[in-house]
2 protein chains.
Amino acid sequence: MSIKKIPESTISRLFVYLRELSELSKLNIRTISSSELGERVNLNDAQVRKDLGYFGQFGISGSGYDINELKAALEKILGKDKTWNVAVIGAGHLGSALITYPGFQQHGLNVVTAFDADVKKIGKRFGGITIQPAGELPKAVKEKKIAIGIIAVPAKDAQEVANSLVKSGVECILNFAPTVLSVPENVKVNNVDLSRALETFSYFLVNPALSGRVNKAVSGKK
Amino acid sequence: MSIKKIPESTISRLFVYLRELSELSKLNIRTISSSELGERVNLNDAQVRKDLGYFGQFGISGSGYDINELKAALEKILGKDKTWNVAVIGAGHLGSALITYPGFQQHGLNVVTAFDADVKKIGKRFGGITIQPAGELPKAVKEKKIAIGIIAVPAKDAQEVANSLVKSGVECILNFAPTVLSVPENVKVNNVDLSRALETFSYFLVNPALSGRVNKAVSGKK
DNA sequence: GTATATTTGTGAAAAATTGCACAAAGTCTG
DNA sequence: CAGACTTTGTGCAATTTTTCACAAATATAC
Ligand SMILES: NC(=O)c1ccc[n+]([C@@H]2O[C@H](COP(=O)([O-])OP(=O)(O)OC[C@H]3O[C@@H](n4cnc5c(N)ncnc54)[C@H](O)[C@@H]3O)[C@@H](O)[C@H]2O)c1
Ligand SMILES: NC(=O)c1ccc[n+]([C@@H]2O[C@H](COP(=O)([O-])OP(=O)(O)OC[C@H]3O[C@@H](n4cnc5c(N)ncnc54)[C@H](O)[C@@H]3O)[C@@H](O)[C@H]2O)c1
C-alpha cells in the first residue's frame, strides 16, 4: 500500500465489487478473474485490477481471485467490520422509507433515531424508531453516538438541519434535499439528487444522440 | 456550438445552475457572474463558463449573465419545455414515496402509472395513481406513451423488470435496486444506489484522512 | 517436465475533465 | 470619453481517470 491518492470513484466501485462477490459466494463459486468480474459490473478488467491494486495484491496469476478471500479483504478495507449509528432528519415520505429500510442494517448502518419538526409527526413510530422533536438532535447525537445524518427535509430547511448536525459533531451527511449545502471542509456530504437523476433523462430524450424510436414528449408544456 | 462531445457531468451541473437561477429569479435578482454562481454551487468560475460554453454564448463581458435569459436558455437546452410520462414499477416504501412526490411534476416529469406484482397492492391508490398489475406494463407503456421507467423493486426482480421495460420500448430507466442491470446500449440507465451512498461513509469514517473527532464505530460487528 | 493458456499487477499511453490565465468585450466613474 | 475595473469565452496546461499492453507468475494439457 502506497501513499498514492485513491480516487473516490474507486471506493464507490469497491462496494459494487463487494456486492457482486457476495452474490457469487452465495452461489458457491470459488474464484473469479478480473475480466469476469468486470463483465458482471460493466467495467473494464484493468479497471478492476487497478482499483484493487490501490490496496494490495489479492489475486493469483493464471487463476484470478479467491472470492471469499477478496470479499473479506474488501470488507476490511471498506470498514464493513464496524457498525455506525445513523439519524434520519425529516420523517416524511422519503424519510419514513429510509427509516424502515432493512438493507442499511445489513451493511452495518443502524438507523437509531429520527427527527421531525412537525408536532403531528413526533411520537409516531416507524419500525421500532420513535420520531423525536428536531430540537433533541444535538443531545441525541452525543448520547447515541451518531456518526451519519440523513437529511430528508424540504430544500428550504436543509441548510439549517445541516448546520445543526455539523454543530453537534456529525461529519457525514447524506442529503436528499435538492440544494447545495455549505459545510466546513472536514464534513463529507453525499448528495442524492433524485430530481436531477430523473431530469437528466429529459436532456437525453431531447437530444437522441443515437438510438431509435422513443416515446415522444407528451406536450410542449407551459 | 460545435461538434465537441459534451461531458455528462456538464449536463448534470446545468441542472444545478438552473435550480440556482430559479431561486435567484424568484428573489428578483437580475444578473449574476460566473464566479458568484460558482460560489453558490461550490464550483470553480471557469467550470461554470466552460459548461455554458458548450451550448453557446450567454453572458456579457463586464456584467455577467442575465438570470432570466440564462434560465430560459438552460430550460431549452435541457428539454424543460417538454413533459414526459413516467412509470414507477414497485409500489413499496420507496416506490410510493416517488409516486406521490410533487417535485417531479414541476420539472415536467409526470408519473402516470405504477405497477406492482403483489396482488395486495394492486388497486391501491397513491395520490391519484392506481397501482396496476405488473403484467399490464407493456400495454400501458404504449398506451400512455411512457418514456421513463423507475425501478423500485427488490434487487432480485430488477433485471426482469428492466427486460420488460426495454422490450416495451422504454429507453430511460432510473434504477433504485442495488444491482447492475444489463440493457442494450441504446437504453440509458441511471442508478441511484442509496446503500452505496451511505456505505461510502464507512470507508471515510475508518480512514479519517483529515479532520478531528468523529463519533467512533459503535461496535466491531459480527 | 515442457509447452501452451491464463491472468495478475503495473508502468505508460490515452482520454477525459478541470483549472489557469489572458485577450477581448463591456461597464462604470468622474 | 478616457482610464480603471469587471467579466466573459477559450486556448492551453495540469490533473485525474481510464485503458492499453506486456512481463512475470501461475495453471493446464499432454
Ligand atoms: N419523496 C420523494 O420521492 C423525493 C424525490 C426527490 C427529492 N425528494 C426530496 O427529499 C426531501 C424529503 O422529501 P419528502 O417527500 O419526504 O418530503 P415530506 O414533505 O414528505 O417530508 C419532509 C419532512 O421534513 C419535516 N421537516 C421540515 N423541516 C424540518 C426540520 N427543520 N427538522 C426536522 N424535520 C423537518 C417535515 O415536517 C416533513 O415531515 C425533500 O427535500 C424533497 O425535495 C423527495
Ligand atoms: N426503502 C429504502 O429506503 C431503500 C433504500 C435503499 C435501496 N432501496 C432499494 O429500492 C428498492 C425498493 O425498495 P423498497 O423499500 O420500496 O422495497 P419494498 O419491498 O417496500 O417494495 C418493493 C415492491 O416491489 C414489488 N415487486 C416485487 N417484484 C415485482 C415485479 N416483478 N414487478 C412489480 N413489482 C414488484 C413488491 O410487491 C413490493 O411492493 C429495493 O431494490 C431496495 O433495495 C430502498
Side-chain angles (χ1 to χ4, degrees), chain A residues 1-17 20-21 24 29-71 73-74 77 180 185 200 209, chain B residues 1-17 20-21 24 29-71 73-74 77 180 185 200 209:
Chain A
M1 209 185 303
S2 71
I3 334 122
K4 213 190 290 170
K5 226 193 107 206
I6 296 161
E8 196 154 331
S9 48
T10 287
I11 304 303
S12 185
R13 283 189 297 266
L14 292 185
F15 284 102
V16 177
Y17 304 151
E20 209 63 30
L21 291 169
L24 292 164
I29 299 169
R30 295 299 187 77
T31 63
I32 193 167
S33 67
S34 57
S35 62
E36 286 170 314
L37 181 54
E39 199 166 342
R40 294 182 71 100
V41 299
N42 292 327
L43 290 169
N44 183 289
D45 59 326
Q47 179 84 80
V48 173
R49 294 197 299 279
K50 183 138 287 187
D51 284 340
L52 299 175
Y54 284 110
F55 297 93
Q57 307 192 165
F58 306 100
I60 296 165
S61 298
S63 63
Y65 301 87
D66 180 291
I67 287 175
N68 287 319
E69 223 169 77
L70 183 56
K71 177 166 170 278
L74 289 180
I77 291 165
V180 178
E185 65 171 60
T200 307
Chain B
M1 210 187 302
S2 70
I3 334 121
K4 215 190 293 171
K5 226 195 107 205
I6 297 160
E8 197 154 328
S9 48
T10 288
I11 304 303
S12 185
R13 284 189 296 267
L14 292 185
F15 285 102
V16 178
Y17 304 150
E20 208 62 31
L21 292 169
L24 292 164
I29 298 169
R30 296 299 189 79
T31 63
I32 194 168
S33 67
S34 57
S35 62
E36 286 170 313
L37 181 53
E39 200 166 341
R40 294 182 72 101
V41 299
N42 291 326
L43 291 168
N44 183 288
D45 59 327
Q47 179 86 79
V48 173
R49 294 198 298 280
K50 184 141 289 186
D51 284 339
L52 299 175
Y54 284 109
F55 297 93
Q57 306 193 167
F58 306 100
I60 297 165
S61 299
S63 63
Y65 301 87
D66 180 291
I67 287 175
N68 287 320
E69 223 168 78
L70 183 56
K71 178 164 170 280
L74 289 181
I77 292 164
V180 178
E185 65 170 58
T200 307

Under 3.5 Å, which protein N or O atoms sit close to an N or O of nucleotides 12-17 of chain D? Give each pair with its distance.
{"unit_1": "dC12(D)", "atom_1": "N4", "unit_2": "Lys50(B)", "atom_2": "NZ", "d": "3.1"}

- Message: I'd like to check the salt bridge (Lys or Arg N to Asp or Glu O under 4.0 Å) partners of Glu8(B); sequence neighbours left out, ordered by chain and number.
- Response: Lys188(B)
- Query: Which residues satisfy the side-chain contact (heavy atoms from CB on, under 4.5 Å) test with Thr31(B), sequence neighbours excluded?
  - Reply: none
- Message: Going by side-chain contact (heavy atoms from CB on, under 4.5 Å), name the residues that satisfy it together with Ile29(A), two or more places apart in sequence or in a different chain.
- Response: Leu24(A), Leu27(A), Ile67(A)
- Message: Enumerate the salt bridge (Lys or Arg N to Asp or Glu O under 4.0 Å) contacts for residues 54-69 of chain B, please, sequence neighbours excluded, ordered by first and then second residue.
- Response: none
Please list each protein N or O that sits under 3.5 Å from an N or O in nucleotides 22-30 of chain D, with the distance.
{"unit_1": "dT26(D)", "atom_1": "O4'", "unit_2": "Ser61(A)", "atom_2": "O", "d": "3.2"}

- Task: Using side-chain contact (heavy atoms from CB on, under 4.5 Å) as the criterion, list what pairs up with Asp45(B), not counting sequence neighbours.
- Result: Ser34(B), Ser35(B), Arg49(B)
- Item | side-chain hydrogen bond (donor to acceptor under 3.5 Å, both in side chains) partners for Tyr17(B), two or more places apart | Asp51(B)
- Note on the structure: Residue set satisfying side-chain hydrogen bond (donor to acceptor under 3.5 Å, both in side chains) with Ser12(B), at least two apart, ordered chain then number -> Arg196(A)
- Message: So for the helix from dT6(C)-dA25(D) to dG30(C)-dC1(D), with five pairs setting each end axis, what is the inter-axis angle to 10°?
- Response: 10°
- Give me the residues of residues 30-39 of chain A where at least one heavy atom lies under 4.0 Å from an atom of DNA chain D, by number, or none. none
- Glu36(A): side-chain contact (heavy atoms from CB on, under 4.5 Å) partners, not counting sequence neighbours: Ile32(A), Ser33(A)
